[in-house]
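These notes concern the structure reproduced below.
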Protein chains: 2
Amino acid sequence: MARTVDPARHEARRLVIIDAALTVFAERGYDGTTTAAICRQAGIGSGTFFHYFPTKLELLLAILTLGIQEVRHAEARYADRTDALGVVLDIVRQGADDAADPRMPGFVRAVGGVMHLPDVAAKLDEDTHAQQELIRPWVERAQRAGEIRTDLTPDRITSWLYLLTDGFLGRVAVDEGFTAQGEKATLVETARRFLAP
Amino acid sequence: MARTVDPARHEARRLVIIDAALTVFAERGYDGTTTAAICRQAGIGSGTFFHYFPTKLELLLAILTLGIQEVRHAEARYADRTDALGVVLDIVRQGADDAADPRMPGFVRAVGGVMHLPDVAAKLDEDTHAQQELIRPWVERAQRAGEIRTDLTPDRITSWLYLLTDGFLGRVAVDEGFTAQGEKATLVETARRFLAP
DNA sequence: GCATTAGTGGAGTGTGCGCTCTAATAATTG
DNA sequence: CAATTATTAGAGCGCACACTCCACTAATGC
């Protein structure tokens, strides 16, 4: 009997579909995207599509899951740092870099548009949590070191930093003259002003 | 022959439908909202619905148009002020107040989810324009008065102020512990820090 | 009163799309 | 080679839902 031919090939195919979906979702929104369009973009038939993902929604969730994993991997990147404020600002900088992928803003809007689906809401919650776990310890450390203001709790500061990066993302999505690379420096400077004691 | 019975009644009915739609859109997203659900919420039949609005999309656009008109009316409110920075911060404050309507964040996400429709994109452009025309003159005045920083152009400062209010709105939508009223003061304070020379 | 038309409801229709089903092919094992 | 199963494509099904249609009522003008 023949079993899984090549797990790597399977995974690669999965990623091709995910990448295609990311593109189309960003362009047309979630409901505006037909599974047929994803198949066309990925160069596959609908049979193949549903062989890899049971539903269109599961595909969206798979994309979100991938994002969460990326955030979790990022933790290791800062493990040996000692300059807490520097790490916080680097994470903010990373947010600006993420916004540079031209598909990102559209995709974020697309996800927002179906946030009322419980599964999507849950995944986004998980994402928020992962991001908070990434940044909060560094905020606390920076506070103890006296590098940043202490009149707000670490949780609120974290929320406000996400407010900045999320707003940044949204602005890039909407505003012609507002580019991720061009405004990155201002983002970091604004975060610095916000954090100042 | 009998002509329009009561224009006011007609307009009122229209507003009832608009209000119902705002509620349902915010809860379920645009595509997740059926015209039947709007009718149920508004207490009307589908015949009545399509008597007032030719399509579901036109209804959404009507809501956006209403918002634009509100922004335009706001201009008069500040006409006789002389403290430019104060006006700018008041406009920011107004943004926080708008976010206090519990339906607002959901509605904004819903609109974002269908931003790929050309008509929606056009209306949002118009909205952005209206808001810029509201705030930009005051930013310029504040710069000339030396009340705020001058290292960024008025356009960029305006964009960044919207980044703050939009991000604020998004945060209220997502974050349990982040309430419009509770964080309003921090929003104004953050705007002040951003604007400081 | 009659004529006319705005306003209203709801049954029904047509379409678009997510997903299923079938059938064929490729890959693997023994 | 045969046997088995993963993989692929695409035709088509069923359903949900935006919108149409028709019948009726209410209001107004004459």
Side-chain angles (χ1 to χ4, degrees), chain A residues 1-22 24-25 27-63 110-111 113-114 116-120, chain B residues 1-22 24-25 27-63 110-111 113-114 116-120:
Chain A
M1 51 181 146
R3 295 297 307 286
T4 55
V5 187
D6 188 351
R9 186 184 154 75
H10 188 275
E11 195 53 28
R13 200 75 157 155
R14 237 181 92 93
L15 286 177
V16 166
I17 298 175
I18 283 183
D19 191 73
L22 191 65
V24 189
F25 282 152
E27 236 161 54
R28 319 271 266 250
Y30 177 75
D31 288 293
T33 296
T34 65
T35 55
I38 299 175
C39 292
R40 225 175 300 129
Q41 175 80 21
I44 61 173
S46 74
T48 307
F49 180 97
F50 287 101
H51 180 72
Y52 282 87
F53 298 94
T55 64
K56 188 171 90 164
L57 182 58
E58 280 301 322
L59 168 55
L60 179 69
L61 296 175
I63 299 179
V111 174
V114 288
H116 54 98
L117 302 177
D119 290 343
V120 175
Chain B
M1 52 182 143
R3 295 297 306 284
T4 55
V5 185
D6 188 353
R9 188 183 154 77
H10 189 275
E11 197 52 28
R13 201 78 155 148
R14 235 181 94 94
L15 285 178
V16 166
I17 298 175
I18 283 183
D19 192 74
L22 191 66
V24 189
F25 282 152
E27 236 162 52
R28 306 266 187 80
Y30 177 75
D31 287 293
T33 295
T34 65
T35 54
I38 299 174
C39 292
R40 223 175 302 129
Q41 175 79 24
I44 59 173
S46 73
T48 307
F49 180 98
F50 288 100
H51 180 72
Y52 283 86
F53 297 95
T55 65
K56 188 170 90 164
L57 182 59
E58 282 298 325
L59 168 55
L60 179 69
L61 296 176
I63 299 179
V111 173
V114 287
H116 53 96
L117 302 176
D119 290 343
V120 175

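Each chain gets a letter, A, B and so on, in the order the sequences are listed, and its residues count up from 1. These numbers were taken from a predicted model, which means no experiment stands behind them.
In terms of phosphate contacts, B:Arg13 brings no side-chain nitrogen or oxygen within less than 4.0 Å of OP1 or OP2 of C:dA6. The phosphate of C:dG7 has OP1 or OP2 within less than 4.0 Å of a side-chain N or O from B:His51.
Across all strands shown, A:Thr34 has heavy atoms under 4.0 Å from sugar-phosphate atoms exclusively, and none from any base. Here A:Tyr52 lies in heavy-atom contact (under 4.0 Å) with sugar-phosphate atoms only.
Look at CG on B:Leu60: it is 12 Å from P on D:dC19, rounded to the nearest Å. Across the protein-nucleic acid pair, B:Arg40 atom CZ and D:dC17 atom P stand 10 Å apart, rounded to whole Å. With rounding to whole Å, B:Ile44 atom CD1 is found 13 Å from D:dA18 atom P. Rounded to an integer number of Å, the gap from CD1 of A:Ile17 to P of D:dA9 is 9 Å. To the nearest angstrom, C1' of C:dG16 lies 14 Å from CZ of A:Arg28. In this structure, B:Asp31 atom CG and D:dA16 atom C1' are separated by 13 Å, rounded to whole Å. Between the P atom of D:dC19 and the CD1 atom of B:Ile38 lies a distance of 10 Å, rounded to the nearest Å.
A:Leu61 pairs in a side-chain contact (heavy atoms from CB on, under 4.5 Å) with only one of the listed residues (A:Asp119, A:Thr55, A:Leu117), which is A:Asp119.
Side-chain contact between A:Ile38 and A:Leu59 is present, with at least one heavy-atom pair separated by less than 4.5 Å.
Figure legend: cation-pi geometry between A:Lys56 and A:Phe25 absent, as NZ or CZ is not positioned both under 6.0 Å from the six-membered ring centre and within 45° of its axis.
When all heavy atoms are compared, the tightest approach of B:Ala20 to B:Gln41 is CB-CG, 3.4 Å. A:Gly29 and A:Ala110 get closest at one heavy-atom pair: CA-CB, 3.8 Å. Considering all non-hydrogen atoms of both residues, B:Ala62 and B:Arg14 come closest at CB-NH2, 3.8 Å.
Using a distance-only test at 3.5 Å, with no hydrogens or angles considered, a donor-acceptor pair links the side chain of A:Tyr30 to the main chain of A:Leu57.
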Pull out every protein N or O sitting under 3.5 Å from an N or O of nucleotides 19-22 of chain C, one pair per line with the distance.
| unit_1 | atom_1 | unit_2 | atom_2 | d |
| --- | --- | --- | --- | --- |
| C:dC19 | OP2 | A:Lys56 | N | 2.9 |

